[in-house]
Amino acid sequence: MTDNAPIRVLLVDDQPLLRMGFRLILEGEDDLEVVGEASDGAEAVRRVEELEPDVVLMDVRMPAVDGIEATRRITASASNARIIILTTFDLDEYAFSGLQAGASAFLLKDVAPAELVQGVRLVASGDAVVAPRVTQRLLETYVRGGRMPGQAIAQPRDPLLDELTPRETEMLEAIAGGLSNAEIAHKYFLSEATVKTHVRRILTKLHLRDRVQVVVYAYETGLVIPSNPDY
């Protein structure tokens, strides 16, 4: 995607009416282009390879190959497409599985049109932030598993963390806390350009696709300790 080119979107859902509704919303924006549709996960994988979209709106519950497996296949491929999981309710284990599989965000199917458009733009930019309380609740609910609130994960420290500088470790913790680049810049008296450089280095060193995956990583490795399930 170049600076002036529209964001290319692929719609994946087994309900034609839902795809039609999302298409009408997205094609009303000058900077968004729906380049194709798919009705199941297997078709989605093929269409991503053919069309090279920037963003995929991916339903999770579909016959045959579901959205989780399709997300896993796409993120494991050479594709640069970023995936937004579509789900029907917020504390959905499928949505969490989608984030684990490499998705960059999730949205509810009854999302307001303006939020859908903004979500696609944010994910395409690579700057999506896992700040909404509903997303943190999702992560806390399913990463916690059988642990009590405030109990850390008993597992070895990831050696990749030793590759980070002290400043990058601070940035990692700030991202995991849901802070935007602007908020991190303000907190540490840095320019946003410097913060973006740190974020890119963190992603490279930890082999992660985007900052949302940083948050998932932080929860799964115990850098963030889940607190109260009613957070």
Side-chain angles (χ1 to χ4, degrees), residues 1-39 41 43-60 67 70-71 74-75 77-87 90 95 98-99 101-132 134-135 175 178-185 191-200 203 208-215:
M1 181 178 66
T2 63
D3 290 341
N4 297 322
I7 298 168
R8 297 166 54 82
V9 182
L10 175 68
L11 304 178
V12 184
D13 197 289
D14 61 344
Q15 300 179 48
L17 284 178
L18 189 138
R19 298 199 307 267
M20 181 185 301
F22 278 10
R23 177 182 281 274
L24 289 173
I25 293 169
L26 298 175
E27 290 191 335
E29 305 295 323
D30 292 339
D31 61 332
L32 304 179
E33 176 187 3
V34 176
V35 295
E37 300 182 13
S39 59
E43 184 182 6
V45 174
R46 294 193 299 271
R47 298 291 275 167
V48 165
E49 184 177 358
E50 295 168 3
L51 301 172
E52 299 182 351
D54 302 304
V55 176
V56 180
L57 286 172
M58 179 80 74
D59 185 26
V60 287
T71 296
I74 292 167
T75 56
S77 71
S79 172
N80 291 319
R82 299 183 188 276
I83 298 172
I84 299 176
I85 290 292
L86 298 173
T87 184
D90 52 16
L99 294 179
S104 295
F106 83 94
L107 291 172
L108 300 182
K109 285 190 173 184
D110 61 356
V111 63
E115 291 180 31
L116 173 66
V117 169
Q118 179 67 3
V120 170
R121 288 172 177 155
L122 277 175
V123 168
S125 74
D127 288 332
V129 178
V130 183
V134 63
T135 309
I175 296 169
L179 298 185
S180 67
N181 286 346
E183 290 168 333
I184 295 173
S191 69
E192 286 193 50
T194 299
V195 172
K196 288 181 179 180
T197 298
H198 283 306
V199 172
R200 284 196 299 271
L203 294 177
L208 300 171
R209 286 171 62 88
D210 53 40
R211 62 188 301 132
V212 176
Q213 292 303 308
V214 171
V215 180

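All values derive from a computational prediction rather than experimental measurement.
Closest approach of G102 to R209, counting heavy atoms only: O-NE, 3.9 Å. Scanning both residues, P6 and D30, for their nearest heavy atoms gives CB-O, 4.3 Å. When every heavy atom of A124 is checked against every heavy atom of V55, the shortest pair comes out as CB-CG2, 3.7 Å. Counting all heavy atoms, side chain and backbone alike, L57 lies closest to L11 at CD1-CD2, 3.5 Å. Here the closest heavy-atom approach between residue T71 and residue G98 is recorded as CG2-O, 4.0 Å. E37 and L10 make their closest contact through N-CD1, 3.6 Å (heavy atoms, listed as atom of the first residue, atom of the second, distance).
At a threshold of 4.5 Å between non-hydrogen side-chain atoms, the residues V120 and E29 do not count as touching. Between L86 and F22 the shortest side-chain heavy-atom distance falls below 4.5 Å. By the 4.5 Å heavy-atom criterion applied to side chains, N181 and K196 are counted as neighbours. Side-chain atoms of K109 and D13, non-hydrogen and from C-beta on, do get closer than 4.5 Å to each other. Within the 4.5 Å cutoff, the side chain of V48 has heavy atoms near those of the P53 side chain. No side-chain heavy atom of I85 sits less than 4.5 Å from a side-chain heavy atom of L99.
How far CG of D59 is from CD of Q15: 7.0 Å, rounded to the nearest 0.5 Å. Atom CD of residue Q213 and atom CG of residue L203 lie 9.5 Å apart, to the nearest 0.5 angstrom. The CG atom of L116 sits 11.5 Å away from the CG atom of L108 when rounded to the nearest 0.5 Å. Between the OG atom of S104 and the CE atom of M58 there is a distance of 11.5 Å, given to the nearest 0.5 Å. In this structure, CG in L26 is found 13.5 Å from CZ in R19, a value given to the nearest 0.5 Å. Going from atom CD of E49 over to atom OG of S79 covers 9.5 Å, rounded to the nearest 0.5 Å.
Proximity of a side-chain donor or acceptor of R8 to a complementary backbone N or O of L51 within less than 3.5 Å is detected. Formation of a donor-acceptor pair under 3.5 Å by the E43 side chain with backbone atoms of S39 is found in this model. In this structure, E115 contributes its side chain and A112 its backbone to no donor-acceptor pair below 3.5 Å. Under a 3.5 Å cut-off, the side chain of T75 and the backbone N or O of A101 do form a donor-acceptor pair.
By the 6.0 Å contact criterion, CG on D31 is enclosed, its count of non-hydrogen atoms from other residues, nucleotides or ligands being greater than 12.
In this structure, E50 pairs ionically with R47, as a charged nitrogen and a carboxylate oxygen lie closer than 4.0 Å.
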